[in-house]
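Taking it in order: structure first as structure tokens, then the write-up.
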2 protein chains.
Amino acid sequence: MARQIDPRILRTRNLIMEAFIELSMQMDFKDMTIKDITTSATVNRATFYNHFYDKYDLLEKVLSESIMREVIQEVSTHEVINEESIKSILLSIIRFQTSISNQCHRSYKAFTPQIETLFKNVLHASFSKWAHKQWPNQNNTDIEVFSVALSWALYGVAMHGMQNQQTEPEKYLQQLMPLIDTMNKEDAHQI
Amino acid sequence: MARQIDPRILRTRNLIMEAFIELSMQMDFKDMTIKDITTSATVNRATFYNHFYDKYDLLEKVLSESIMREVIQEVSTHEVINEESIKSILLSIIRFQTSISNQCHRSYKAFTPQIETLFKNVLHASFSKWAHKQWPNQNNTDIEVFSVALSWALYGVAMHGMQNQQTEPEKYLQQLMPLIDTMNKEDAHQI
DNA sequence: ACGCATCTATCGCTTAAACGACAGATTGCG
DNA sequence: CGCAATCTGTCGTTTAAGCGATAGATGCGT
């Protein structure tokens, strides 16, 4: 099963995605037409619709499969929730956002909502998984609520730190750690 | 007439040619298979034969249409045969050969015969054209013989200069100028 | 408001490229 | 040497992509 995919499909998909990344560095996403993308990709405009629903679908796939792949991968490799891992994730996100806002300064504003959604999904999923192992005595809903709170807080703090060019994350960590400490205490109680 | 060419043809052709250039920098031309080239180009092996007769046909087209295009263009822009233009052409050829032997050091040996043929054809054609204007009193065969002699001599001297890392072309120019001086004198006599 | 231009999304038809298979040639190793 | 593996060049068939036309949407200057 899962027969080999026709290489033309992969090639065309890559051509479109790479052309989109290239164009994102040159112009604003909102001014970008399908024609611009397909011309730059040396692909017919109609072919675009065999691969993507529209411009926004392309953006989402480029972000998750290409641009954000590395940082998502890095975030996912941690296994526990503690000061060290939170700090590392915080720095990864700040580094990524800084880099992308420099590379695609014209399109960055249009990208941020999608980036935000992807990051929060990944963070929530990871935190949830790790929390279940880390605090096995907590019930599901508590863990879900904690995961949501931590992921939103962490992401918000990362964005704030980036906008203020704050390179010292210790101050932000101080604000996040109480969330985790609470879980540690509660879990111990539940025994 | 001459309707637009299907863009797929151009794209596939470019993919193959660019993959070939890339591979030339990594491996020896003689060890390169069609499979190597088409795999690197993300193109089916059978498709190669829609565009090129064989590996050597591809080499010739890549040289004349891509790798050597700039230097051939530069050589062709001169209009007269004199010390200045000959010196300029000499230096262009030496620069090109040095560059290509560094970039494709593994394949360079296999390339030289094709490069030689292309250069001598271009030189002969250019010299012949310029000579007709420059010495209108000379008959055709004399001009053709002169053009052949000068192009072969120039190319030979350039190659020799390159192998000996000779960066002073004045010595080589001294050997070539008599050919031209003879034509100048003969042409004056013919009046 | 108007018309004109451009863009989007989709259609049927055409065509270049992918695929697998093939026989014959080369290569290289025991 | 022999034989196995790989490469070459060419088939017929299948399929992804190109093309031109289309209707509707969006936008922009007058």
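The analysis underlying the following values was restricted to heavy atoms, covering all of them including side chains, and did not include hydrogens, waters or symmetry mates. Naming convention: chains lettered A, B, ... in sequence-line order (proteins, then strands); numbering from 1 in each chain.
- For the residue pair B/E144 and B/H124, a side-chain donor N or O sits within less than 3.5 Å of a side-chain acceptor on the partner.
- An OP1 or OP2 oxygen of C/dA16 is reached within less than 4.0 angstrom by no side-chain nitrogen or oxygen of B/H51.
- If you measure from atom CD1 of B/I34 to atom C1' of D/dT6, you get 13 Å, rounded to the nearest angstrom.
- In the helix from C/dG3-D/dC28 to C/dG30-D/dC1, the rotation axis of the first five pairs and that of the last five pairs differ in direction by 50°, rounded to 10 degrees.
- Atom pair B/Q4:CD and C/dA16:P shows a separation of 14 Å (rounding to whole Å applied).
- DNA chain C is contacted by B/R8, B/I9, B/T12 of residues 8-19 of chain B, taking any non-hydrogen atom closer than 4.0 Å.
- Looking at A/S85 and A/N82, their side chains do bring a donor and an acceptor atom within 3.5 Å of each other.
- Between B/K185 and B/D181 there is no salt bridge, since no side-chain N of the basic residue sits under 4.0 Å from a carboxylate O of the acidic one.
- Between the P atom of C/dT26 and the CG atom of B/D31 lies a distance of 17 Å, rounded to the nearest Å.
- We find that A/E116 and A/K120 are joined by a salt bridge, their nearest charged nitrogen and carboxylate oxygen being less than 4.0 Å apart.
- Checking D/dT8, C/dA16, C/dT8 against every side-chain atom of B/D6, the shortest atom distance belongs to C/dA16.
- Here the CZ-CD1 distance, from B/F119 to B/I72, works out to 6.5 Å after rounding to the nearest 0.5 Å.
- Whole-Å rounding puts the B/D36 CG to D/dC7 P distance at 7 Å.
- Using modelled atom types, one finds a donor on one side chain and an acceptor on the other under 3.5 Å when comparing A/Q97 with A/Y155.
- Distance B/I37 CD1 to D/dG9 P: 11 Å, rounded to the nearest Å.
- Residue-environment remark: CD (A/E84) exceeds the threshold of 12 foreign heavy atoms within 6.0 Å.
- With B/R13 as the partner, the side-chain hydrogen bond (donor to acceptor under 3.5 Å, both in side chains) test is satisfied by one option alone out of B/H51, B/E65, B/E18: B/E65.
- Toward the 5′ end of DNA chain C lies the nearest nucleotide of A/A46, the other residue of the pair A/P7 and A/A46 mapping further downstream.
- In the set C/dC19, C/dA17, D/dT8, C/dC19 carries the atom at the smallest distance from any side-chain atom of B/N44.
- Within the 3.5 Å criterion, the main-chain N or O of B/T98 finds a donor-acceptor partner in the side chain of B/S101.
- With hydrogens and angles ignored, no donor-acceptor pair closer than 3.5 Å exists between the side chain of A/R45 and the base of D/dG18.
- Comparing C/dA9, C/dA17, D/dG18 against the side chain of A/D54 picks out C/dA9 as the nearest.
- Nearer the 5' end of DNA chain C, as judged by each residue's closest nucleotide, is the contact made by A/F48, out of B/V43 and A/F48.
- Put simply, NZ on B/K30 is 20 Å from P on D/dT6, counting in whole angstrom units.
- Using a 4.0 Å heavy-atom distance criterion, B/T38 is classed as making no nucleic acid contact.
- B/I5 places its CD1 atom 11 Å from the P atom of C/dA16, with the value rounded to the nearest Å.
- Residue A/N50 contributes atom CG, which lies 13 Å from atom P of C/dA9 at whole-angstrom precision.
- Within the 4.0 Å cut-off from OP1 or OP2 of C/dT10, not a single side-chain nitrogen or oxygen of A/Y49 is found.
- For the residue pair B/N50 and B/T47, no side-chain donor N or O sits within less than 3.5 Å of a side-chain acceptor on the partner.
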